[in-house]
Amino acid sequence: MRKYACMLLAMSLAAGQLSAQKKPLDHSVYDGWESIQERQLTNNGEYVAFTVNPQEGDGRLVLANKANSWRLEVPRGYMVSLSADSRYAVFKIKPTYQETRDARIKKKRPDDMPKDSLGIVQLGSSNVLKIARVKAFKMPSDAGGWIAYHMDKPLPDTAKKAPVVPKNPQADSLRKVIDSLTALLQKFPEKVQQKYLKDAEGLMLNAEGVDAEEPAGAAAGGGDAGTELVWYELATGKKLTWKNALDFTTDKMGNKLVIKTAKVGKGNACVLSVDVAAAKVDTAMKVFNDVKNLTLDEQGLQLAFVAERDSSAKAIQKFYKLWYWRHGTDSAMLIADRTTAGKTNGWAVSEFANINFSKSGERLLFGVAPVMPPKDTTVPEFEKAQLDIWHYKDDYLQPYQLRNLTRELNRSYLTVYHVGLKKVVQLADQQLQDVRPSGNGDGKWFWAVDDKASRIASQWAGRGKGDMYVIDPATGSKQLVKAGVDGMPMGTSMDGTTLLWYENGDKQYHTWKDGKEYVPSKGIKVALYDEDNDVPDDPSPYGALSWEKDGSALYVYDKYDIWKLDPLAAKAPEMTTGGIGRSYKWTIRWQNLNREENFVESGKPYLFTIFNNTDKTAAIKWHAIGKPFMLNKMAQQTLPTRLASFVKAKDADVLSFSTENFQQTPDMRVAALADAVSQPMQATVLCQPNPQQSQYLWGTAELIEWKAYDGKMTQGIVYKPENFDPKKKYPMIAYFYETLSDGLYGYTAPAPTPSRLNIPFFVSRGYVVLAPDIHYRKGEPGQSAYDYIVSGARHLVKLGYVDSTKMGLQGQSWGGYQTVQLITMTKLFAAAWAGAPVANMTSAYGGIRWESGLNRQFQYEKTQSRIGATLWERQDLYLKNSPLFHLPKNKTPLVVMHNDADGAVPWYQGIELFTAMRRLNQPVWLLQYNNEAHNLVERRNRKDIQIREQQFFDWLLKGEKPAKWLTEGVPATMKGRDYGLE
């Protein structure tokens, strides 16, 4: 026993020494902290590709085999594609971060900026073929063995070199004559000089063999001359090259390469179709001003695009037409223009619409739109009135209309061209503006919702009711399914015969088929909607998993389990998970690993995740849908980790995924599927970023429970510093939003914050952080926040390791509001930091969310603010829950961040709060980052606020010396000269 006791003591001392050598996180660590992105597997599951990127600087592309016995790292590689035959990786390579930074400092033009390169690797080898100055590449997704890459413009210094002109005796002689006459022309008026000099230059160019009207290298109409496009065979290195390419596309199977070229000199602009197997080039179109939206069907046999051929470059209006070309035909044929039957008279083909062939290739989906009246050019812009007219009968408020102006100007209305019938049928119109296809474009019925009647009411209701229709793509006829639906449309079965939606009224799923409505979920005794909903609105459904491929069944979720429904309600609902989820508080969810298939097949295995709502552990299971879950196997798999980022090989049972927890950054693992499910922690780890983390003090995350002041038990997370000593008294910061405990095993990198509390940074520096769950009562958001946050803080004080005089609050947005409300309700906290808070619900109620253009009324009546009534119905609740009216009670110093481009919470809310506290002579600071949004976007500003947040809390919770900006401020005269951080 003594021997083992000595060993334990030695180990303890060693651990203590190791920990003593660690240092707290500081602001220098952010840039180098890495994360894994772009996770991919080859189709055969043998190779893995992913990128590892720092927050700022040069990342790397990693290529490895699944056993990690072969590995290649390519500096700055990204945007990787893996060939369909699992043999090659193709990717782009960025310039170095320093090169780009230096060029930005020098304010270089876009053409002069450093450009990407292309990289090609045969998997298993160490050779990287690099091709400089490539701006784009495409590789067929399902077959091929080749790529097409598009070169960027040549380097500016070479592009400006004068062309080498062959010697021409006649031209030399003529040049001497022109040079000698030029001096004589100086005696004539300027107009005469210009005329004769122009004529002489034309003679000279003709003699030298250059087109005087279209100089060499210039595109038609003075536009882009295009750049080189290269077809490249991966196995052999064989190349085919086209000059002056402007755009290109390929089909999935790699049969065709379509190229749009520019008009140069006396040549024609063309659309070319390259038959890859036959090495044959067909011209689908010659002579056009513009071509857009090159689209191939899946086999590469059909091509469609819109083209404009008739207008001059300066025309006010240009009309595009839809063209169709089929392999083997001479040239593209016109299939739709302004005069085409089957669409609304006076409407034209839209240049902005997506063009898609249905999966079968039998339908071509495109868009038409009303012809807009041309702008009046007779009056100069500076003489035109500039105003917005708000009208009470408008569907949407002017800010919403202006926010979506470009989308509306470019709106197109779905139309179908039936290839075999050579027939155009318009499906969408001014009544049904957004028609949704079904069955990958081949479905029996398309569908749409007309919500015009409830658009005005949606500004306070948060959503509108709608009339649901189905549309026959063969004829364009519309059929009303149901009027005034208050719920959520969910599309159709794969064949497009059955429509699905959820209704808030009876909280059931409804279907429609052949003119009849059904309620297939009727009879289910548990809630199919959010059981934990605490906003004054109808709860949202948990949603549908998917349809059976043949449309014979539909799978939906409750909170825990999965149900199989008969769409025609002929059979009773069946719980396919056998109730295991609800019995053990496990949420079971399907992971769709094949994004091209939006259906499931009974008896076929799929990946499911399992989340334990009690202890927040997780598991994954490979399970045949529709069959019972096995309890004994599931019970052995729940793990104290977060499992995510699942990628399955298309043609092999190989799975890659990540594990993480508060102490471990998400990794990159790969294993045979069965092994990944049964023993995920034993999978091969291909990458574990951030080894430098071991040099820094970190901490732990623990799930805690306590009784809130409303009498209910609640959960939260407490984050403790490394080497936590329960006998010490620690400063504490409470960070909150709504419910956060499900994130127990989530990793947060130390990073400059967009406005939230970076928890590992503060924990590393000796703070305890509390993240409590908050559950709300209607009309009492402020009191609810108090009941849960304050009770949680006092719970930690009772445990003995938190200093009750050194506690702070930090919240952003909704958390910012709760922060400000709390400091008017309690003197418990010594410091508070609020990002973008609402201070006055009465003034915010009628404001605008500028990022969307929506009025804010719905937020107070129906959603997050949880008042549940209009301002006129319950003015008392708006006043009670507005901290502005209770500020005289406040004793807590407060920093407010509120930015002048905030699109979510009006900036004036922060100003109201600051000016009120300033008048009351309460310590308050307002950080206004210029042209910044609700959450900070610019990294430079994120770094700045992170420093200030640390300085503020260290001052008031640790007794550190305050920074100058806290004690003296920074006057406008010193803006950009002195940041007050010292």
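Here, residue 1 is the first one in the sequence, and each next residue gets the next number.
Qualifying salt bridge (Lys or Arg N to Asp or Glu O under 4.0 Å) partners for E383, counting only residues two or more places apart in sequence or in other chains: none. Partners of A336 by side-chain contact (heavy atoms from CB on, under 4.5 Å), not counting sequence neighbours, listed by chain and number: L322, T340, V349, F366, V424.
Q810 and E949 share a side-chain donor-acceptor pair at under 3.5 Å. Side-chain polar atoms of K975 and N930 form a donor-acceptor pair below 3.5 angstrom.
Judged by a 6.0 Å distance limit and a 45° cone about the ring axis, R309 is positioned over the six-membered ring of W323. Both cation-pi conditions hold for K507 and Y529: the charged atom is under 6.0 angstrom from the six-membered ring centre and inside a 45 degree cone around its axis. At least one cation-pi condition fails for R363 and Y417: the charged atom is not both under 6.0 angstrom from the six-membered ring centre and inside a 45 degree cone around its axis.
Checked against the 6.0 Å centroid threshold, Y845 and Y878 count as a close aromatic pair. Proximity of the aromatic rings of Y413 and W347 is defined here by a centroid distance below 6.0 angstrom, and this criterion is met. W447 has its ring centre no less than 6.0 Å from the ring centre of W512.
One finds the CG atom of N899 at 10.0 Å from the CH2 atom of W907 (value rounded to the nearest 0.5 Å).
Contact detail for A844 and Y908: the closest heavy-atom pair is CA-OH, 4.1 Å.
Sorted by first and then second residue, the ring-ring contact (aromatic ring centres under 6.0 Å, His included) pairs with a member in residues 385-410 read Y396-Y400; sequence neighbours excluded.
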